[in-house]
Amino acid sequence: MSRSIKNIDWLSILLFLLLIGFGWVNIYSASYNENAQGMFDFNQVYVKQGLWILLSFVLIVIILSIEAKFYERFSSVIYVISLVSLAGLFLFGKKISGATSWYDLGFINFQPTEFAKAATALALAKFLSDIQTNLKQFKHQLQALAIIVIPALLILPQPDAGSALVYVAFLFAMYREDLPANYFIVGIAGILLFVFTLLFGAIWVAVGIVLLTGLFLLKNRRKKPNYFKWALTAVVGIVFVFSVDFIFHNVFEQRHRDRFNIVLGKEVDPRGIGYNTKQSEIAIGSGNWLGKGWMQGTQTKGNFVPEQHTDYIFSTVGEEWGFLGSTLIVTLFVFLLLRLLFLAERQKTQFKRVYGYSVVSILFIHFLINIGMVIGILPTIGIPLPFFSYGGSSLWGFTILLFIFIKLDAERMAY
Amino acid sequence: MKKLLLPIVIIITGVLFTGRLFYLQIIDSSFTAMSMDNAVKIEYDYPQRGFIYDRNDKLLVSNQPSYDVMAIPRDVKVFDTLELANLLNLSTEQLIKQLDKAKIYSPRLPSVIVSKLTKEEYAYLQEKMWKFEGFYIQKRSLRDYEVNVAANVLGYISEVNNAVINKNPYYQSGDLIGRQGVEQYYEKILRGVKGVRYIQKDRFNRDIGSYKNGKFDTLPQKGKDITLTLDIALQAYAEKLMKNKRGGIVAIEPATGEILALVTAPSYDPSLLVGRKRSKNFTRLWYDTIAKPLFDRSLLAMYPPGSPFKTLTGLIALQEQVVDSHDKFACYGGYRYASSRNAFMACHHHNSPLALREAVAVSCNAYFAQTYLKVIEKYKTPQAGINAWEHHLESFGLGNYLGYDLPIGRKGKIPDADYYNRKYRYPTYNWYAPATISNSIGQGEILTTPIQLANVTAAIANRGWFYTPHILKEIEGQPIKDEAYTKKNFTSIEPQYFDPIIEGMFDVYNYGTARFLQVPGIEICGKTGTAENFAEIGGKRVQMTDHSIFIAFAPKDNPKIALSVFVENGYWGSRYAGRIASLLIEKYLKGEVTQTQREEWILSHSLEEEYAKFHPEKEVKEEAKPSDP
């Protein structure tokens with residue numbers, strides 16, 4: 001224990017503490033209520049969050065006290081428990097604001113989704129670090145995919161598409177562990193075609209694909225390309241484009257379409273579905289260089305941004321701390337992610353490296369989707385900003401996720 | 001590559017976010033405005049509007065509290081609809097309809113249910129309001145008129161329209177602004193400056209405290225009281241005399257240019273445009289296109305000045321030294337100004353030959369036609385002659401805006417060389433002085449407004465100068481210092497040339513056209529006018545009964561009042577306008593009227609039958625005239 005404390009990466013912990021502290025300050029502002037009964041009024045959101053933060057310190061001590069080997073050895077057990085807790089929601093779950101994502105433990109509501117990420121990361125790390133696993137093999141690719149997809153499929157029907165989407169993050173970790181790059185290329189091409197189809201319509205994108213393929217083949221005709229392969233690729237692309245068009249217009253519900261259209265700038269509807277994004281942009285945009293000052297945000301005080309203390313907490317930062325404060329937060333996140341990535345790379349065992357990569361990938365996806373949504377460049381997908389958003393389960397989930405890795409890293413010399 | 005993908009994606013994301021934040025927070029400033037719009041409510045403290053007094057410190061316009069019954073639909077509890085409806089003078093259906101409307105507007109915000117209750121209604125209602133939860137009474141300030149005259153001078157106030165709001169950022173929807181008269185012209189002085197309070201709102205538009213602890217709040221500044229040059233007793237008397245007549249009267253104090261009376265007939269009671277019945281009354285006045293009570297004839301009506309203009313013809317002839325005051329001209333019942341058969345200007349029977357003073361007294365057409373021709377023909381070309389003549393008239397404030405401190409006006413019309421060149425298509429055709437001969441007697445192309453002619457009278461009374469007529473005397477007891485009204489304007493006529501004209505105008509009362517209008521004890525100088533006028537009736541140009549015109553000032557030495565009176569279709573100068581002018585002068589100088597017979601005659605004579613001729617298809621109904629309550 002004493003040796004591992006010496007080896008603990010205090011920089012990561014400092015960044016973690018800064019984010020948590022600054023997060024609480026903003027939750028305080030966003031949820032401040034003049035009728036509060038002092039600092040121990042447990043009806044107040046910021047008081048509760050303060051309590052979760054204090055308790056998370058207890059959690060940290062526990063996590064750091066357990067031997068690192070425990071996490072590796074019991075990863076499968078933890079994973080299975082986590083899957084069971086997710087499945088149990090179908091029977092015993094409590095519905096809060098439309099999603100059956102909670103267990104009612106009487107004194108506290110508990111959200112297993114937030115803990116499943118760490119469990120899945122452990123399981124994936126365990127599987128990939130197996131000496132027999134080779135991600136170049138299709139069979140192993142499928143097995144790894146199963147580890148990721150099962151919890152996602154259990155989360156999806158809660159419904160909580162946002163949290164399910166987070167599991168895409170593990171692709172980064174798998175790519176690091178020799179998953180062929182083609183998956184990424186196909187994935188990125190798919191996303192690009194999707195966006196272009198929505199923006200310009202299927203016909204034009206199809207025409208574009210044909211033209212580009214034609215040009216490419218014409219230019220490289222001396223190299224004797226495989227014409228059949230390229231033509232097939234183009235056809236698959238075109239089929240994809242038209243199916244996107246079909247799905248978007250015939251399978252998606254209007255609210256889904258709206259979310260995309262708002263981000264693509266196709267609809268301006270401040271009273272309807274675009275209200276959240278619009279209000280969030282107004283709050284952030286009115287912050288200017290230095291912001292309106294802590295507790296001075298007019299949008300924040302007026303509760304114009306819905307869910308401001310949870311998913312939209314970053315809009316408070318934007319309004320009250322301005323460009324300076326919000327870029328500081330972005331920078332802190334980027335620093336933390338890069339620091340953890342550095343730690344992951346220096347691990348001697350594959351298990352620790354995969355786990356580290358998974359931690360970084362999950363935090364990154366949350367960071368990307370949450371802030372991207374709040375500043376209006378991604379569709380509305382409700383997932384919390386790590387360490388920042390209000391919520392005991394999410395705070396604890398991220399704390400566990402992070403500190404297991406810090407513990408693993410601290411004991412890297414033990415082997 | 002494997003190791004680089006994630007860090008690169010992370011850094012790109014960081015840069016992208018920073019760029020987007022930079023755009024939202026620094027580049028695009030529209031969000032700040034939107035934030036102010038939806039999160040900060042601005043509340044205004046409206047200061048009391050300034051009072052308006054007449055020259056003798058008689059209060060004309062003050063303020064009265066008015067009470068609006070408001071309701072916040074969400075707070076409205078079950079209540080006795082019938083009782084409240086009765087209290088508010090509404091039917092139960094109307095009350096429920098109002099409440100529904102308010103609910104649609106906003107369940108959380110107050111809406112007006114009934115506006116502009118009087119003090120009496122309020123006093124009665126107030127005792128019962130406790131029964132009706134969710135309703136309350138809000139106080140506002142309305143104008144209170146202490147007099148029922150001078151509506152055209154005072155103007156009125158009403159809610160600003162969008163055009164004003166777009167042009168002037170001071171005004172918000174629902175603000176009151178002065179319209180017409182001094183309310184409009186001295187709006188800024190009268191209104192004061194409203195105070196502003198910024199209030200933080202939540203997303204339901206509820207107040208949740210003062211924005212930034214009142215850092216940006218300002219206190220209201222009270223509107224200033226103003227004193228007008230008007231003599232309200234004279235004004236009221238003039239309006240009384242103009243009953244059943246149409247036209248305009250303007251009285252000016254020559255020594256100061258102060259407007260003593262500014263009368264248009266028909267007019268209306270200014271309190272018609274206050275309170276609950278305002279919009280109904282306004283619509284009625286607005287659509288009275290026959291009598292046009294909202295049309296200020298004293299400032300806007302352009303009439304041919306007729307014979308009073310001969311005084312100017314005489315003055316110009318003297319100044320141009322084409323005649324002197326002793327030169328006599330013959331009048332053979334008129335004057336043949338050109339060889340053609342129709343080129344004859346008729347005159348009435350009088351002594352002949354005659355010099356300037358007598359010509360003014362008896363209003364001889366022939367005399368002024370000849371002197372006018374001499375003026376024009378003094379110059380090498382008729383163009384130069386007309387321009388010289390026009391230049392003199394301009395110095396009397398004719399043919400252009402006078403520059404008085406009221407928001408409306410007309411230029412009138414004095415033709416110049418360009419005008420005749422266009423009319424006679426010069427240089428294809430030539431034209432000569434006799435073609436403009438009607439100018440000599442104030443007919444033809446010349447048009448003046450009553451205030452212009454009153455100003456000419458004042459300039460004659462002053463022997464060659466005038467102050468720009470004005471209606472404002474003092475602001476909060478401090479005399480005005482505006483140079484526009486405190487600097488003498490000199491006419492192009494030298495003072496000595498005024499003597500024969502003034503003597504002639506004096507003789508108008510001694511033995512001339514107004515000899516039977518004398519007022520014992522007052523030496524009045526005047527000049528009658530009878531102007532031909534035409535109207536288009538049923539598509540035909542028809543000559544109507546002549547306008548009755550009169551200008552006068554008194555006393556002859558050290559004049560205290562100069563005025564012009566126009567009475568539309570009043571037959572001839574002394575019949576209506578002359579009588580009214582004499583009565584007003586007596587009233588102003590003596591404070592009472594001794595010529596009761598004359599007064600009775602005017603009060604009992606109506607010209608409505610004449611006016612009915614303009615609208616042969618319509619009967620002019622007495623009750624259609626809001627000016628005659």
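Numbers restart at 1 for each chain; the letters A, B, ... are given by sequence-line order, proteins then strands.
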Under 3.5 Å, side-chain donor or acceptor atoms of residues 180-188 of chain A against the rest of the protein: list the pairs with distances, not counting sequence neighbours.
residue  : atom : partner  : partner atom : Å
A/Tyr183 : OH   : A/Gln141 : OE1          : 2.3

Checklist line | Option in A/Val330, A/Val334, A/Thr327, A/Ile375 with maximal non-hydrogen atom pairs under 4.5 Å from chain B | finding: A/Ile375
Next item on the list: Report the option among A/Ser326, A/Gly372, A/Gly291, A/Gly285 that has the most heavy-atom pairs separated by less than 4.5 Å from atoms of chain B.
Entry: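 Sorted descending by pairs with chain B, the first entry is A/Gly285.
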Check: With A/Tyr312, which residues qualify under ring pair (Phe, Tyr, Trp, His ring centres under 6.0 Å), at least two apart?
Finding: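 For A/Tyr312, no residue satisfies ring pair (Phe, Tyr, Trp, His ring centres under 6.0 Å) once neighbours in sequence are set aside.
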Pick one of side chain, backbone, both or neither for [X], based on which atoms fall under 4.5 Å of a heavy atom in chain B.
X	value
A/Leu341	side chain
A/Phe335	neither
A/Glu345	side chain

Next item on the list: Could you tell me which portion of B/Phe22 (side chain, backbone, both or neither) has an atom closer than 4.5 angstrom to a non-hydrogen atom of chain A?
Entry: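 Its backbone and side chain both get close to chain A.
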Check: Non-hydrogen atoms of chain A under 4.5 Å away: do they reach the side chain of B/Ile27, the backbone, both or neither?
Finding: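 Neither part; nothing is under 4.5 Å.
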Notebook entry, point to check: Hey, which residues of residues 359-368 of chain A are touching chain B, say heavy atoms under 4.5 Å apart?
Noted result: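 Hits under 4.5 Å: A/Val360, A/Ser361, A/Phe364, A/Phe367, A/Leu368.
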Next item on the list: Would you check if A/Ser286 and A/Glu319 make a side-chain contact, meaning some heavy-atom pair closer than 4.5 Å?
Entry: yes
Next item on the list: Measure the spacing between CG of A/Leu385 and CE of A/Met373 and express it to the nearest 0.5 Å.
Entry: 9.0 Å
Checklist line | B/Arg20/B/Leu24 under side chain to side chain contact (heavy atoms under 4.5 Å, CB included): CA gap, chis, key distance, verdict | finding: CA-CA 6 Å; B/Arg20 172 69 176 175; B/Leu24 286 177; 3.9 Å; yes
Margin query: Please check: side-chain N/O of B/Glu187 versus main-chain N/O of B/Gly178, any donor-acceptor pairing under 3.5 Å?
Written below: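 A pair under 3.5 Å: yes.
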Margin query: Under 6.0 Å from the ring centre and within 45 degrees of the ring axis: does the NZ or CZ of B/Arg179 meet both conditions for the six-membered ring of B/Phe282?
Written below: no
Next item on the list: Determine the minimum heavy-atom distance between A/Ser12 and A/Leu340, stating which atoms define it.
Entry: OG-CD2, 3.8 Å
Note to self: Holding to salt bridge (Lys or Arg N to Asp or Glu O under 4.0 Å), I want the full list of residues that pass it with B/Glu183, two or more places apart in sequence or in another chain.
What the structure shows: B/Arg49, B/Arg143
